[in-house]
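Right, one structure below, let's go through it.
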Amino acid sequence: MKCRRCKAPAVIDIRRHNAAFCRDCFLHHCKEQVKKAIDEFKMFGPDDNILVAVSGGKDSLALWHILSELGYRADGLYIGLGIGDYSDESGVRTRAFAQAHGYTLVEVSLPSDYGYDIPTAASRTNRAPCSSCGLSKRHLFNKAALDGGYDVLATGHNLDDEAAVLLGNVLHWEPGYLGRQYPVLPAADGFAKKVKPLVKMGEREMAAYCVLLDIDYQVEECPMAEGNRHLGYKEVLNSLEQRSPGAKAAFLSSFFSRGHDHFKDAAHVEKGELNSCDECGSPTTGTRCAFCALRNRVISETPVSIGRKD
Ligand code: AMP
Ligand code: FES
Ligand code: ZN
């Protein structure tokens with residue numbers, strides 16, 4: 001196997017691109033793919049300040065590294081979720097990575113700053129832990145980006161993540177979710193702009209990026225995500241990809257270019273009229289935002305029912 005770019009011995013092959021790369025050309029390829037996504041979806045420009053949500057996993061650490069290497073001003077945001085050893089280790093890895101590269105890391109702790117953790121929230125809601133986790137993270141990502149004056153918030157969702165979410169949204173024909181599933185969500189009153197620059201990158205490529213650069217990432221999956229239906233969707237898509245390489249990327253990119261527009265209005269309709277949360281000021285359709293409602297109930301030990309993830 002030879003590198004497509006320089007003909008040196010290859011270290012990785014990417015079947016959907018029908019290409020193999022040596023170490024340096026693969027790292028170059030990753031940066032090119034991220035650059036392509038940033039340009040294609042008009043995510044941000046060279047003067048923008050970016051806040052990268054970093055979990056300590058391969059995707060977000062690689063994203064932070066790639067954006068910095070591309071010359072963007074990118075700070076990190078780590079949220080301590082209080083999920084036992086899992087959170088302790090992800091915090092240690094994220095801080096070590098930031099320090100080793102001289103990057104600026106903003107930290108928020110759900111237990112210390114807001115008085116609850118995800119296991120407690122999960123035990124007091126009647127949904128999967130990922131629901132309260134997703135809701136809390138989305139709120140805190142948005143708040144940190146707005147409070148810090150950043151132009152955009154970037155997350156490490158990759159091609160496999162987004163294709164799995166798309167499959168779920170299609171299987172349930174969720175027009176509102178389909179309308180909001182896009183690599184860029186524009187800023188609006190009370191909402192920071194959100195982007196997913198890894199939409200063209202597979203999970204395996206991001207792991208390879210970290211291994212080749214000796215980036216020490218958290219390999220273990222979240223212990224609370226067991227049974228998460230997106231893991232099943234990923235398996236289905238992987239077996240499809242095995243039979244016809246490129247099917248997964250085509251599914252996602254065709255949705256962005258040909259399907260998404262049909263659902264844009266549904267996303268607006270579902271949002272409805274927005275007010276300010278009477279506790280934290282965040283936009284909400286009621287009087288109190290979902291985050292404050294969840295927090296109040298968890299702290300006051302009352303069972304609470306909340307919406308689904310994503
Ligand atoms: P997940 O929801 O775990 O699939 O993660 C998706 C993306 O959300 C990651 O790539 C990160 O960008 C971000 N993220 C997840 N967990 C955290 C965390 N604890 N702190 C900051 N960002 C996170
Ligand atoms: Fe959110 Fe596991 S990281 S439930
Ligand atoms: Zn609120």
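Not measured: the values here are computed from a predicted model. Numbers here simply count residues along the sequence, with the first being 1. Numbering of ligands and ligand atoms starts at 1, following listing order.
Under the 4.0 Å criterion applied to side-chain N and carboxylate O atoms, E241 and K248 are not assigned as salt-bridge partners. The residues D13 and R204 are annotated as salt-bridged, a charged nitrogen and a carboxylate oxygen being separated by less than 4.0 angstrom. The pair K196-D161 fails the salt-bridge criterion, with no side-chain N (NZ, NE, NH1 or NH2) lying under 4.0 Å from an Asp/Glu carboxylate O. A salt bridge links R93 with D216: the distance from a Lys NZ or Arg NE/NH1/NH2 to an Asp or Glu carboxylate oxygen falls below 4.0 Å.
Contact annotation: for V52 versus ligand 1, there are no heavy atoms closer than 4.0 Å.
Using bins of under 30°, 30° to 60° and over 60° for the plane-to-plane angle, the ring pair F41/F256 lands in the perpendicular bin.
At a cut-off of 2.8 Å, C222 does not coordinate atom 1 (Fe) of ligand 2 through any N, O or S atom.
Per-residue contacts place S60 under 4.0 angstrom from the following atoms of ligand 1 (heavy atoms of the residue considered): 10 (O), 11 (C), 12 (O). Residue G156 has at least one heavy-atom neighbour below 4.0 Å for each of these atoms of ligand 1: 9 (C), 10 (O), 11 (C), 12 (O).
The only option from S60, S90, S55 that meets the side-chain hydrogen bond (donor to acceptor under 3.5 Å, both in side chains) definition with Y78 turns out to be S90.
Contact record, F44 with P197: CE2-CG, 4.3 Å, taken as the closest heavy-atom pair.
A heavy-atom distance below 4.5 Å is found between the side chains of L294 and T125.
Side-chain atoms of N296 and E279 form a donor-acceptor pair, as typed in the model, at a separation below 3.5 Å.
Scanning the protein for heavy atoms near atom 1 (Fe) of ligand 2, the closest one is C133 SG, 2.0 Å.
Inside a sphere of radius 2.8 Å centred on the Zn ion (ligand 3), the protein N/O/S atoms present are C277 SG, C280 SG, C289 SG, C292 SG.
Distances shorter than 4.0 angstrom occur between a heavy atom of L77 and an atom of ligand 1.
Around atom 2 (O) of ligand 1, the closest heavy atom drawn from K196, H157, E221, K137 belongs to K137.
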